[in-house]
Amino acid sequence: MSAPAITPVFVRLKLSLLRNGLRQSGGRKAAYITSAVFALLFAALQLIGLIALRGHAHAESVVVLAVAVLGLGWAVMPLFFPSGDETLDPTRLVMLPLRPRPLVRALLTASLVGIGPLFTLCLLVGSVIAVARGGAAFAVGAVAVVLALLVCVALARAVAAANVRLLTSRKGRDLAVLSGLVIAIGAQIVNFGAQRLGASGLGDLDPAAEVLQWVPPASAIGAVHAVSEGSYGRAVAQLALSAGALVALLALWSRHLTRLMTSPDGSTLPSAESAAKERSSTGLARLLPAGRTGTVMDRSLRYVWRDPKTKAAWVTSLAIGLIVPVFNAWQGTGSVYFACFAAGMLGIQMYNQFGQDTSAFWMVAMTISSARDAYVELRARAYALLLITLPYATLVTVVTTAVLGDWRRLPEALGLSFALLGAMLATGAWTSARFPYSIPQEGYKNVAPGQTGLAWISIFGGMMAAALLCAPVIALTIWLNVSADGDDWTWLLLPAGTAYGAVLTAAGLKLAAPRTARRLPEILAAVSKG
């Protein structure tokens, strides 16, 4: 007696998971329906846009690149959104008597149910219509659409299976927090690319498309264009590449499924060596000052390295702080003063210092009994931030200046950056004591419900105050640049800006310390809310 087919069962299971997920709450249902409507609307507009490209000289380059980016999106989706599809975790099925090959077939079919596959299908259909000419090309296009869609889905499944131990652990779930970094950097790259294309035209895409048309799943769309041009041999080779990639991905997926279902999970068991290394003092800790200052600095730096939310904020600030000034300088539209953006992005990390500790702040509060204790605590946190920010702001300023070739303005740009950093440290210390708010540890929210107003006042109010505090250095910079003999004295802006920033930092810490010591109960209640 043959075993019953499990593919229909898994399709029904996928539909049941979607339906039951929507039943959990009205808010979740509204969010899902809204996102589905917007995704399908965007897919429809994208389909119309691709059809409008039909007959354009560079249509092939556009669709090949679009499909290549789509494939990349399917590859990284499981890493940044592991909870978006509960069926991505095959370890839930380890107790069932299922063989890898039928399981792969069933999961692959179930994976075709959802908004993502439908969006992908629309883009692939539009891509085929944009480049196909003739009945043979459309016939190959039908095969190409199926191949490309299956390659995308199999790629996501293979990546998820290869990293499922990580994705289902706490560290894996925390990896999703870094998706904001990918979006932020991707937005800057897309903006830069769009500006370049607007200036030079779609012809700049041709060299990249020539390479990517041989990379699955884009090779399947390249085969459609090859048939339209009569290059049947090239079309066969490109379809073979996509088919080979699909077979390889399915084999890799099956192999990982077999290993997951037959081997124990030791991913959460630390080795003796790693445990010993964890207990030992790091080299950096030995270089820090003794006493409370060094202890607080070490704790703050460990938060940057270990806490997912803190790490995501720092990595995003570091990336955007470099991309904005350097990309603008590269395009020839920037200024050396754009380098101050790096100091501004990192200075934001001084805001809501106690909120970063969340409910663990009570242990810090137990050690603060006077304004002096609060001052040392805040000063050490500022030192930890400066340990990263000072060399980084200097590096970004030097790189921006090198790209522009405007070395004469390097001292004044550095002076402005250091003055801005000092102002943000000062206002950040004060707003941390005056407007603390909680940062939820789970999920994607950075502000606890009901505290959004506090966050806005803390961050944007503090930034406006920092800008006002920098007014003397900005005025001095303008005066030296417009005066007749000012160019000979602009180098003074570096020591002047550095000294001014240091004075602002010291003053801000002195003012914030007594308030911090007085408001410890209120601060603890605010940061523990989430």
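Throughout, numbering of the chain's residues begins at 1 and tracks the sequence.
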Atom pair [atom1] ([X]) and [atom2] ([Y]), whose distance is rounded to the nearest 0.5 Å:
X    : Y    : atom1 : atom2 : value
T400 : F338 : OG1   : CZ    : 10.0 Å
Y303 : Q353 : OH    : CD    : 10.5 Å
F354 : L378 : CZ    : CG    : 4.5 Å
M424 : I459 : CE    : CD1   : 9.5 Å
D357 : W362 : CG    : CH2   : 12.5 Å

Checklist entry - R292 and T367: side-chain donor and acceptor closer than 3.5 Å? => result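 Checked: R292/T367 side chains pair up, N/O donor to acceptor below 3.5 Å.
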Checklist entry - Do Y375 and T516 get their side chains close enough for a donor-acceptor pair, meaning under 3.5 Å? => result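 No, no side-chain donor-acceptor pair sits under 3.5 Å.
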Item to check | side chain to side chain donor-acceptor pair (under 3.5 Å) involving T505 - partner list, sequence neighbours excluded | outcome: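 T505: no side chain to side chain donor-acceptor pair (under 3.5 Å) contacts found.
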Item to check | Residues in side-chain contact (heavy atoms from CB on, under 4.5 Å) contact with F38, at least two apart in sequence or another chain | outcome: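 By the side-chain contact (heavy atoms from CB on, under 4.5 Å) rule, F38 matches T34.
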List, one per line, each side-chain donor-acceptor pair under 3.5 Å for residues 115-130, sequence neighbours excluded.
| residue | atom | partner | partner atom | Å |
| --- | --- | --- | --- | --- |
| T120 | OG1 | W74 | NE1 | 2.9 |
| T120 | OG1 | G116 | O | 2.9 |
| S127 | OG | L123 | O | 2.8 |

Next on the checklist: Does W305, at its CH2 atom, have more than 12 non-hydrogen atoms belonging to other residues, nucleotides or ligands within less than 6.0 Å?
Outcome noted: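 Incorrect, the count does not exceed 12.
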Checklist entry - Under the criterion side chain to side chain donor-acceptor pair (under 3.5 Å), which of T490, N481, T401 is the partner of R409? => result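 Of the listed options, the one satisfying the test is N481.
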Item to check | salt_bridge(R519, E522) N-O dist < 4.0 Å | outcome: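 A salt bridge is absent here (no side-chain N lies under 4.0 Å from a carboxylate O).
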